[in-house]
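Notes follow the structure.
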Amino acid sequence: MCLHQSYAVKLTRTTMTDINLDTALEFENELYSQGYEEGKEAANNEQFLEGKIYGLQTGFQRFLIVGYMDGLLQEWRKDGHSKNIESHLNQLQKLLDKISNGNSDQSVADYERALSAARNKVRVIASITKTTDKIAGLDKMVQEVGGTLAVSSNPDDMW
Amino acid sequence: MLCSRQGSQNGTCCKTPAPIESSDDNEDVWGSDEESIAVYADLKRAHGKQGYLDGLVNQQEASLQKGFDSGFPIGADLGRDVGRILARLHGTPAFKEAVEALNVSKVLDKKYFDDQLDLAHSNHPIISSYDR
């Protein structure tokens with residue numbers, strides 16, 4: 001790539017009366033665009049893969065807890081409980097169904113809302129079924145398996 | 001910077017030609033020819049460099065985000081599977097071993113992925129070994 005020579009020529013020949021602000025700005029813009037394209041080419045697949053690793057880890061960490069609650073739900077269903085528990089289990093199922101794997105703003109917002117409600121529902125069911133041991137060390141376990149990012153900094157979200 | 005139209009006379013990119021005689025009425029604001037080159041070089045450095053940096057950073061951010069969005073659902077599926085397995089094994093003798101075997105660093109080990117970091121096999125070997 002090369003600057004148009006006409007610009008360079010024009011600049012050197014321009015006298016005070018000929019100076020045109022638009023021309024000068026256009027010239028600067030062209031230099032900028034030229035540099036921009038060269039910079040863009042320098043950023044390559046490496047950044048994509050770096051981001052992908054981070055995405056894989058983050059997705060894993062954030063959905064461990066979702067899978068664990070889904071697993072608990074299936075265990076509780078197998079145990080067979082009264083109708084009262086059944087309605088709690090169905091509500092938990094509905095909440096977990098609202099959580100999608102996407103990373104859009106909407107998906108993330110849905111995740112936060114549904115996860116918080118599901119946690120509360122799990123606490124209630126665990127308490128009724130006397131299986132609180134299943135969730136007692138959950139945050140620690142999630143951290144151990146998934147790494148540190150998975151633990152919420154909000155103390156209200158702790159078990 | 002690359003130049004495809006290199007000046008043939010002295011090898012300078014976009015060589016500035018000798019100034020044409022200006023009229024007596026107008027003072028040449030750019031001064032001597034040497035000063036003209038300096039002004040041009042300064043402009044090129046300032047704007048070209050800034051453009052390069054912005055292009056590099058923006059593209060890096062865009063690529064990073066694209067990669068993240070591409071990896072997130074794959075990781076989410078794996079995390080969900082691991083969570084289900086751990087809930088099922090909780091309270092059994094196999095639980096402790098599973099916590100270690102299903103650690104993020106083991107499940108996301110490079111050997112289970114291809115060179116674009118997609119799963120090399122449709123079923124993850126570790127997770128499959130725990131599925132009934």
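- Using a 4.5 Å cut-off between heavy atoms, N29(A) makes no contact with chain B at all.
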Report task. Give the C-alpha distance, both sets of side-chain angles, the deciding distance and a yes or no for side chain to side chain contact (heavy atoms under 4.5 Å, CB included) between F95(B) and M141(A). Result -> CA-CA 11 Å; F95(B) 181 73; M141(A) 190 272 288; 3.9 Å; yes

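- Put simply, the side chain of L56(A) does not reach to within 4.5 Å of the side chain of F72(B), judged on heavy atoms.
- Distance check: E28(A) CD to H47(B) NE2 gives 3.0 Å after rounding to the nearest 0.5 Å.
- In this structure, Q116(B) places its CD atom where more than 12 heavy-atom neighbours from other residues, nucleotides or ligands lie under 6.0 Å away.
- Taken together through direct or relayed side-chain contacts under 4.5 Å among Ile, Leu, Val, Met, Phe, Trp and Tyr, I126(B) and F113(B) form part of one hydrophobic cluster.
- Tracing side-chain contacts under 4.5 Å through hydrophobic residues (I, L, V, M, F, W, Y), one reaches L138(A) starting from V124(A); they form part of the same cluster.
- Neither the backbone nor the side chain of L73(A) comes within less than 4.5 Å of any heavy atom in chain B.
- Of the options Q60(B), K66(B), Q65(B), a side chain to side chain contact (heavy atoms under 4.5 Å, CB included) to Q47(A) is made by Q60(B) and by none of the others.
- With chain A as partner, the option from P73(B), G91(B), A46(B) having the largest number of non-hydrogen pairs under 4.5 angstrom is P73(B).
- In terms of hydrophobic clustering, with Ile, Leu, Val, Met, Phe, Trp and Tyr side chains grouped at heavy-atom distances under 4.5 Å, L119(B) and F48(A) are assigned to a common cluster.
- Between D118(B) and K52(A) there is a salt bridge, since at least one side-chain N of the basic residue sits less than 4.0 Å from a carboxylate O of the acidic one.
- Taking the side chain as every heavy atom from C-beta outward, L31(A) and Q50(B) never approach each other to under 4.5 Å.
- Comparing L86(B), I85(B), D81(B) by heavy-atom pairs within less than 4.5 Å of chain A, the highest count is held by L86(B).
- I53(A) contributes atom CD1, which lies 5.0 Å from atom NZ of K110(B) (distance to the nearest 0.5 angstrom).
- Counting heavy-atom pairs under 4.5 Å between each of S100(A), G102(A), S107(A), G59(A) and chain B puts G59(A) at the top.
- Hydrophobic clustering, with ILVMFWY side chains joined whenever heavy atoms are under 4.5 angstrom apart, groups I99(A) together with L64(A).
- Under the 4.5 Å side-chain heavy-atom criterion for ILVMFWY residues, a single connected hydrophobic cluster contains both L117(B) and F63(A).
- Residue R80(B) is tested with N101(A), D70(A), I65(A) for a side chain to side chain contact (heavy atoms under 4.5 Å, CB included); the sole match is N101(A).
- Judged by distance alone, the side chain of D54(B) and the main-chain N or O of Y36(A) form no donor-acceptor pair under 3.5 Å.
- Side-chain contact between R88(B) and Q74(A) is absent, with no heavy-atom pair separated by less than 4.5 Å.
- The candidate from D115(B), L102(B), V99(B), I74(B) with the greatest count of non-hydrogen atom pairs under 4.5 Å with chain A is V99(B).
- Interatomic distance, CZ of F60(A) versus CG of L108(B), reported as 6.0 Å (0.5 Å rounding).
- The heavy-atom pair separating D69(B) from N103(A) by the smallest distance is OD1-ND2, 2.8 Å.
- When heavy atoms are compared at a cutoff of 4.5 Å, V57(B) does not approach chain A at all.
- Looking at D77(B), both its backbone and its side chain come within 4.5 Å of chain A, counting heavy atoms on both sides.
- Note: E38(A) CD to L53(B) CG = 12.0 Å, rounded to the nearest 0.5 Å.
- Within 6.0 Å of atom CG in D133(A), more than 12 heavy atoms from other residues, nucleotides or ligands are found, so the atom counts as buried in its surroundings.
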